[in-house]
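So that the names make sense, note that chain A is the first sequence line, chain B the second, and so on, each numbered from 1.
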2 protein chains.
Amino acid sequence: MNEGELGAWMAYLKATHLLERRIEEQLKTDSGLTHPHYEILAKLSIAPERRLRMSDLARELVVSKSGLTYQIGQLEKRGLVERMDCPSDERGVLAVLTDEGMRCLEKTAPGHVAVVRAFLIDQLTPEELQTMTRVMSKAATAMSQNGSGPAPT
Amino acid sequence: MNEGELGAWMAYLKATHLLERRIEEQLKTDSGLTHPHYEILAKLSIAPERRLRMSDLARELVVSKSGLTYQIGQLEKRGLVERMDCPSDERGVLAVLTDEGMRCLEKTAPGHVAVVRAFLIDQLTPEELQTMTRVMSKAATAMSQNGSGPAPT
DNA sequence: GGGTGGTGGTTCAAATTCGAACAACCATGA
DNA sequence: TCATGGTTGTTCGAATTTGAACCACCACCC
């Protein structure tokens, strides 16, 4: 790794860790939610009928199956999410966002968005924002495929 | 959040989670280290005399004091890091990278770097890499200051 | 000299995470 | 039909993380 690459990577690590911490702090103090909680509610809120299979949700959030089972359990206790049987697959479980969950999300979103804007988005020019989207999308695509190496030429 | 901003944020979340997972997987299978372990060794390796105060190390890694205490304990068990008294401050503790720790890092680095390159750096044009560095640095700077809002004009 | 607020590091309990193991169910082909 | 491999979701144990509480020590001022 040359100088520029190392600098990029170190900046990436520091920024991502700091941002995660800021987000966690804001959500906890303002809404009593954790970041994983919020991500689950947000994903469900934009899904058709506000529901997703556990597996699909886990894949989208990039979290382990068992981790999701635990978190959905927590959210169910609070009445923000409900478990339903999947009609098309007897094994399946649907995580469904409840009305209360939706209200909670709507109440929480502004403060959360404010943090993301303040520390990341508003720091960027429109071109930089566009580049970051492209960069992150490319990286995500590369990692979504299986395999551990770079794509062959 | 408008369309472009939301897209940027969602791409960011997915990419960072996926990358963390890939890194963790590679380190675990190839060297039996975790990402936190690696970050500690790497930070110490570039510090003067390969040593840092616990507090400084925790700040640099953006990790809690208690979390660092635990991880240094683990690394000490393996002989990769050593605790030493701080000469200038009776309270202080220095985490020192041992020779074995340095060897372990040197042996582990290539595989780790390969993952970071394959999934992030090599996906980017030189301009994109430069922009990402600038973006992440700006964000990190904004978050390193205290305060929860955007900087006033 | 002796308080006094603040810092540095550890300990502790609680919460969260993961992977492996498991049981139930789907889907395919003989 | 029914064996068989793959998928789904949960349970379990182990490892990790955090913040709060705590004690020892530094710096500063009376």
> With respect to the phosphate group of dT16(D), does any side-chain polar atom (N or O) of Y70(B) fall under 4.0 Å of OP1 or OP2?
yes

> Considering only dC12(D), dT8(D), dG6(C), which nucleotide approaches the side chain of R91(B) most closely?
dG6(C)

> So, is R53(B) close to the dG9(C) phosphate, meaning a side-chain N or O under 4.0 Å from OP1 or OP2?
yes

> Describe the nucleic acid contact of G67(B) in one word from base, sugar-phosphate, nothing, applying a heavy-atom distance below 4.0 Å.
base

> At under 4.0 Å, does any side-chain N or O of R21(A) touch on OP1 or OP2 of dT18(D)?
yes

> Are any non-hydrogen side-chain atoms of R53(B) and L94(B) less than 4.5 angstrom apart?
yes

> For A139(A) and A15(B), work out which heavy atoms get closest and say how close.
CB-CB, 4.4 Å

> NA contact type, R83(B), heavy-atom cut-off 4.0 Å: base, sugar-phosphate, or nothing?
sugar-phosphate

> What class does the angle between the rings of H35(B) and W9(A) fall in, given that below 30° is parallel, 30 to 60° is tilted and above 60° is perpendicular?
parallel

> Look at the side chain of T69(B) and decide which nucleotide, out of dC25(D), dG19(C), dT11(C), has an atom nearest to it.
dT11(C)

> Can you work out whether D56(A) or K65(B) has the more 5'-proximal nearest nucleotide on DNA chain D?
D56(A)

> Considering heavy-atom distances to DNA chain C, does D89(A) or Q71(A) have its closest nucleotide positioned more toward the 5' end?
Q71(A)

> Where the side chain of E90(A) is defined as all heavy atoms beyond and including C-beta, which of dC25(C), dT10(C), dG9(D) is the nearest nucleotide?
dC25(C)

> Run the salt bridge (Lys or Arg N to Asp or Glu O under 4.0 Å) check on R117(B) and E5(A) step by step: do they pass?
CA-CA 9 Å; R117(B) 294 191 65 104; E5(A) 292 168 350; 2.6 Å; yes

> Can you tell whether the side chains of R50(B) and D99(B) come within less than 4.0 Å, N to carboxylate O?
yes

> Just wondering, more than 12 heavy atoms not from Q130(A) lying within 6.0 Å of its CD?
no

> Using five base pairs at each end to define the local axes, how bent is the helix from dG1(C)-dC30(D) to dA30(C)-dT1(D), to the nearest 10°?
10°

> Between Q74(B) and dT16(D), does any side-chain N or O lie under 4.0 Å from OP1 or OP2?
yes

